[in-house]
S.K.: 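Sharing a structure below in structure tokens format, with a few things to ask.
Since the structure is predicted, the reported quantities are computational estimates derived from the model, not experimental observations. Lettering follows sequence order; numbering is per chain, from 1.
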Number of protein chains: 2
Amino acid sequence: MNNSTPTIRSVTVADVAREARVSKATAARVLGGYGVVSDKVRGDVLAAAKALDYRPNELARSMTTGKSGIIGVVVGDIENSFFSFAVRGISDTARAAGFNVILANSGEQIEAEKAAVRVLIGKRVDGLIVTPSESRDVSHLRDIHRSGRPLALLDRALPDLDVDTVTVDDRDAAMRATRILTDTGHRDIAYVTAVDFSEHEYRDLEQIYTSSVRERIEGFLAACRDAGIVTPERFVRLGATKPEETRAITDKLLSTPERPTAILASDSLIAIEMFKVIRERGLRVPEDISLITFHDADWTSVTSPPITVVDQPAYMLGKVVTELLLRRIEGKVRPPERVIVPTSIIQRGSVGPPFREK
Amino acid sequence: MNNSTPTIRSVTVADVAREARVSKATAARVLGGYGVVSDKVRGDVLAAAKALDYRPNELARSMTTGKSGIIGVVVGDIENSFFSFAVRGISDTARAAGFNVILANSGEQIEAEKAAVRVLIGKRVDGLIVTPSESRDVSHLRDIHRSGRPLALLDRALPDLDVDTVTVDDRDAAMRATRILTDTGHRDIAYVTAVDFSEHEYRDLEQIYTSSVRERIEGFLAACRDAGIVTPERFVRLGATKPEETRAITDKLLSTPERPTAILASDSLIAIEMFKVIRERGLRVPEDISLITFHDADWTSVTSPPITVVDQPAYMLGKVVTELLLRRIEGKVRPPERVIVPTSIIQRGSVGPPFREK
DNA sequence: ATGAAAGCGCTAACAC
DNA sequence: GTGTTAGCGCTTTCAT
């Protein structure tokens, strides 16, 4: 049909108004779906709009209304399937409420996170959902709050920032997972986590600025101590942020004669890399070493043996945090909520008695 | 510090101008980084901006410039790690060029895809990258083109739409994968793909409206025929869009005594589900049945045996399609490009001779 | 029920 | 170099 050159100037309410022989205001009323218009005029305007192929300019609309219909989301790493699911939960919930989502990746880097927040605020998003990469520097998050836009935190709580927050029961989950290991007889258990840190060695909790990481370590250590294990922190390893780092940590961990007999991994990306290294070294799971990981990633159920996991309802986390945010966007004033979503442990075949006992 | 109530009205160039005792235009010049200003005035304005905590309103900026700095992306399913990687490639490339990304999920539904496109156009994105879910209805994509905004296609070509398109060598990849199977002696090979279709049975290529799906089937059939296999289409199955569908297809496929001795899966989501069903039925890979899948998903390297895959450079696809789009956004006029990125096959342990020969 | 006009925050001509 | 002015496309009083 219309094979003419691309439309240079898009058609505006003024164009439609002219075509329909009404005022700009009237056309805008029917096009924008507000105010009152007679049925006849409505019909005329709609017909004109159709004839001209009118598309509203959401930008202009946002500018006058102050709302963009966009929710900004900043996550640590979209390639981590935990976040994929959470984002899916966010998107579905937002879309159902008529909102769009702008997604930004922080790569767990505080500077990238700040930049992303700045941009999103500039775009006048109606609200933000952030997975804060650390709790020391929250000035940019404070700014959001100050700018009057709602903010909700996903997966990680910030002690200094009293806003709607949804996390899982990290401490408890870590304790339960660890207990499975100690109950099976393990005394030398490694905990490997992804917090960005120059060294892999763990000193004390003061080093850790990410709530979920911290709480999991706390839970792990507590469960170990409950089982009478002394200095359980000797096998805590930080900095498994990339496959190569994880590989280095695992290699070192498995090289000593005093090596751990079980491993608890803080996410599935770490676990899969550790699993590969374990395999390559000719070790068997769980005969030679037991393994539990956070997150029920797809691969954990197809390995031989399948992996015991802490199942985190990622989609649900995304859904809940979005609901909280939407409620704020709608202007409900009430104290910030702190939702803790329970996890469950799916026992599969990757835990067995420690090899030393054989 | 400033613990006052959230800023109601955000500070504007006018506010900064007043504070710095210069005109709005001058303030705008330094704040917007264009035009020329004396160093002294620049300093004054910057100081005023800082004091007032000025944040540019990107919306207003976009409205006057006509550019939003946003690239709209519509993919089939973000949970599919193939798309995750592609999106990561898109994001990284876009961000490096100073663009943001709005991500929308079509769920491979044409209506959702149309809605997403409409919204993104409304937001005046500077360009769109779409993974078209089918090639019959491309009116909405034509509209993009007509609206003057660049459009680039990812992973799937559209015969009717002559725009920048980046895909992998689907036909050839399917042929090579199939040949591995035929060379190993297989004569009864199933091809299972995810195109949305009411029945699972395949009749002819005319049913298929998605280029990548179609080309892969073509390649599969061609390679089978080259190997002298008659009616290879008898084992082509469509509609593996959800785990349940895949499960049903696999169950049926494996229930007959004439069951296939090898399977080629069109994506890793299908393959993992098939792998699970195979396991549950007590069949072994590759002794009882061989398996190859498109996409080097993480799980394919940790199963026993690991899975032979068609490695698609998803990140690269995203990167390349974004580069093409950015070039168009910059206004370069030249004929649409059709880039075909080569794939490679990673041979692992999931292919063996057909069990019937034993 | 409809219209006229102002204004959202910014950029872009065009003067001076 | 700096200021003045006029929009961008829409919503929103305020009249009529």
S.K.: Identify which nucleotide among D/dG3, C/dG9, C/dG3 has an atom closest to any side-chain atom of A/A25, counting heavy atoms from C-beta outward.
M.R.: C/dG3
S.K.: Rounding to an integer number of Å, can you tell me how far B/R42 CZ sits from D/dT2 P?
M.R.: 9 Å
S.K.: Return the value, rounded to whole Å, for the distance between atom NZ of A/K123 and atom C1' of C/dG9.
M.R.: 14 Å
S.K.: Just so I know, are the side chains of A/V75 and A/V130 near enough to count as touching, which here means a heavy-atom distance under 4.5 Å?
M.R.: no
S.K.: I'd like to know if B/K123 and B/E58 make a salt bridge, using a cut-off of under 4.0 Å between side-chain N and carboxylate O.
M.R.: no
S.K.: Decide side-chain hydrogen bond (donor to acceptor under 3.5 Å, both in side chains) for A/S81 and A/S84; before the verdict, give the C-alpha distance in whole Å, the side-chain angles of both, and the deciding distance to 0.1 Å.
M.R.: CA-CA 5 Å; A/S81 84; A/S84 302; 5.8 Å; no
S.K.: Which whole-number value in Å describes the distance from B/Y54 OH to C/dG9 C1'?
M.R.: 8 Å
S.K.: Verify the contact: side-chain N or O of A/T65 to OP1 or OP2 of D/dT11, cut-off strictly under 4.0 Å; return yes or no.
M.R.: no
S.K.: Under 3.5 Å, is there any donor-acceptor pair linking the side chain of A/R29 to the base of C/dG3?
M.R.: yes
S.K.: From the list D/dG3, D/dT11, D/dC8, which nucleotide is the closest neighbour of the side chain of B/T64?
M.R.: D/dC8
S.K.: Atom CZ of B/R18 to atom P of D/dT4: distance rounded to whole Å?
M.R.: 14 Å
S.K.: Looking only at side-chain N and O atoms, does B/S38 come under 4.0 Å of OP1 or OP2 in D/dT2?
M.R.: yes
S.K.: Given atom CZ of B/R124 and atom P of D/dG9, what is their separation to the nearest angstrom?
M.R.: 8 Å
S.K.: Nearest-nucleotide wise, let me know which of A/T12 and B/A27 is further upstream toward the 5' end of DNA chain D.
M.R.: B/A27
S.K.: Separation of A/L31 atom CG from D/dC10 atom C1', in whole Å?
M.R.: 10 Å
S.K.: Side-chain N or O of B/Y34 less than 4.0 angstrom from OP1 or OP2 on C/dT11?
M.R.: yes
S.K.: With respect to the side chain of A/V13, which nucleotide from D/dG3, D/dC10, C/dG9 is positioned closest?
M.R.: D/dC10
S.K.: Tell me: CZ of A/R55 to C1' of D/dC10, nearest whole Å?
M.R.: 17 Å
S.K.: Rounding to an integer number of Å, can you tell me how far B/R61 CZ sits from C/dC8 P?
M.R.: 18 Å
S.K.: Report yes if at least one side-chain N or O of B/S23 is closer than 4.0 Å to OP1 or OP2 of D/dT4; otherwise report no.
M.R.: no
S.K.: When you check the side-chain N and O atoms of A/E113 and A/S133, is any donor under 3.5 Å from an acceptor?
M.R.: yes
S.K.: At under 4.0 Å between heavy atoms, what does A/V37 touch on the DNA or RNA strands: base, sugar-phosphate, or nothing?
M.R.: sugar-phosphate
S.K.: With the side chain of B/M63 defined as its heavy atoms from C-beta on, choose the nearest nucleotide among C/dG3, D/dT2, D/dG9.
M.R.: D/dG9
S.K.: Atom CZ of residue position B/R338 - does it have more than 12 heavy atoms of other residues, nucleotides or ligands inside 6.0 Å?
M.R.: yes
